[in-house]
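In what follows, a structure is listed as structure tokens, so that the remarks can point back to it.
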Amino acid sequence: VCQFRFLVVKIKLEEYVPFILKAVDEIERDFTSFGSPPVLWLLVIIIGGFSFFTVTVLVGLIVLELLCSLIKLVFPKDRPEKEKYKNRLEKIDAQSFPSVHTARSAYASFALISFLQTPSSLLLAVLPIFVAVTRVRLQKHFWTDVVAGIIFGALFFFLWHKVVFY
């Protein structure tokens, strides 16, 4: 009787495995969106309002995007799952190094932490880590790409906000 109950429970759990895996995949895709421009722009505008800080961060995100694209042109590296491209813009996007998602999320996180200056704002520091993990799990980048993206985003924040604007 005990073995029969265990078998029934095991069969029931196996029915839910595909559902659970699909839910995890969707959560990962949601976290990776915190490295996309529209989400970050919206987050910065909501938190910063229409201020000099907001304009500085938005322009910084554009400059960061251009610098990362330049790096991808100079140091081309294929993604874990190689992507096909038809033109030069698609070729830049198909490159893996550095991870622009993690660079953007690191830059925006540090900018928002410096703007808010509250202990709870330090929670934003984990955002680039979540983005990095999801980018690797989704096979869009290698670990070296996402670590380089976080470092580049943090360095860019320091140079852009601490040297150029302050």
Side-chain angles (χ1 to χ4, degrees), residues 21-22 24-48 50-116 121-166:
L21 292 176
K22 184 178 179 188
V24 168
D25 188 50
E26 288 179 19
I27 290 169
E28 287 176 338
R29 292 188 187 283
D30 290 342
F31 268 117
T32 201
S33 69
F34 281 103
S36 66
V39 172
L40 289 174
W41 294 340
L42 189 60
L43 188 64
V44 168
I45 291 170
I46 289 170
I47 293 174
F50 293 100
S51 63
F52 178 72
F53 162 79
T54 302
V55 172
T56 303
V57 173
L58 295 179
V59 171
L61 284 167
I62 293 168
V63 172
L64 179 65
E65 187 82 28
L66 294 172
L67 289 174
C68 286
S69 295
L70 183 63
I71 292 170
K72 287 183 175 197
L73 277 174
V74 175
F75 302 105
K77 180 182 175 188
D78 288 333
R79 294 182 183 272
E81 289 186 6
K82 190 172 180 175
E83 295 182 6
K84 295 180 181 180
Y85 51 87
K86 297 175 185 169
N87 57 47
R88 189 172 282 306
L89 285 176
E90 287 181 4
K91 181 179 180 181
I92 293 169
D93 191 51
Q95 301 304 309
S96 180
F97 181 85
S99 168
V100 185
H101 274 76
T102 56
R104 284 188 296 245
S105 67
Y107 166 72
S109 293
F110 287 117
L112 290 169
I113 289 168
S114 74
F115 176 73
L116 295 171
S121 69
L122 293 176
L123 292 173
L124 289 168
V126 299
L127 188 62
I129 296 167
F130 284 137
V131 172
V133 169
T134 59
R135 297 303 289 173
V136 172
R137 293 242 327 121
L138 294 170
Q139 296 183 344
K140 296 294 184 181
H141 294 283
F142 298 100
W143 280 107
T144 52
D145 306 330
V146 295
V147 169
I150 289 173
I151 292 169
F152 190 68
L155 286 173
F156 182 77
F157 162 75
F158 176 76
L159 293 173
W160 188 252
H161 285 270
K162 302 299 181 186
V163 176
V164 175
F165 281 100
Y166 296 102

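- Residues satisfying the side-chain contact (heavy atoms from CB on, under 4.5 Å) test with Ala154, not counting sequence neighbours, are Phe110.
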Should Ile46 and Trp41 be marked as a side chain to side chain contact (heavy atoms under 4.5 Å, CB included) after you check the CA-CA gap, both sets of side-chain angles, and the distance that decides it?
CA-CA 9 Å; Ile46 289 170; Trp41 294 340; over 6 Å; no

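- Note that CZ of Arg137 is 13.5 Å distant from CZ of Arg135, once rounded to the nearest 0.5 Å.
- For Ala132, the side-chain contact (heavy atoms from CB on, under 4.5 Å) test picks out Thr102, Val146, Ile150, with sequence neighbours left out.
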Using atom types as modelled, flag every donor-acceptor pair under 3.5 Å from a side chain in residues 66-73 to any protein atom, sequence neighbours excluded.
unit_1: Ser69; atom_1: OG; unit_2: Glu65; atom_2: O; d: 3.0
unit_1: Lys72; atom_1: NZ; unit_2: Gln95; atom_2: O; d: 3.1

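- For Phe156, the ring-ring contact (aromatic ring centres under 6.0 Å, His included) test picks out Tyr107, Trp160, with sequence neighbours left out.
- Checked by atom type and distance alone, the side chain of Thr54 never pairs as donor or acceptor with a backbone atom of Ile45 at under 3.5 Å.
- The nearest pair of heavy atoms linking Val131 to Thr134 is O-OG1, 2.8 Å.
- How far CG of Leu124 is from CG of Leu112: 6.0 Å, rounded to the nearest 0.5 Å.
- Shown here for Ile113 and Ser121, the closest heavy-atom pair between the two residues is CG1-O, 3.2 Å.
- Residue His141 holds its NE2 atom at 3.5 Å from OG of Ser99, rounded to the nearest 0.5 Å.
- For the atom pair Ser105 OG and Leu40 CG, the distance stands at 7.0 Å (nearest 0.5 Å).
- If you run side-chain contact (heavy atoms from CB on, under 4.5 Å) between Val59 and each of Val57, Val55, Leu61, only Val55 comes through.
- Between Phe115 and Phe53, the two ring planes are parallel [angle under 30°; tilted spans 30° to 60°].
- The two residues Ala148 and Phe97 come nearest to each other via the heavy atoms CB-CE1, 3.3 Å.
- Checked by atom type and distance alone, the side chain of Thr56 pairs as donor or acceptor with a backbone atom of Phe52 at under 3.5 Å.
- With sequence neighbours excluded, the residues that form a side-chain contact (heavy atoms from CB on, under 4.5 Å) with Phe142 are Lys77, Pro80, Ser96, Thr144, Asp145.
- A search for side-chain contact (heavy atoms from CB on, under 4.5 Å) contacts involving Leu155 returns Ile151, not counting sequence neighbours.
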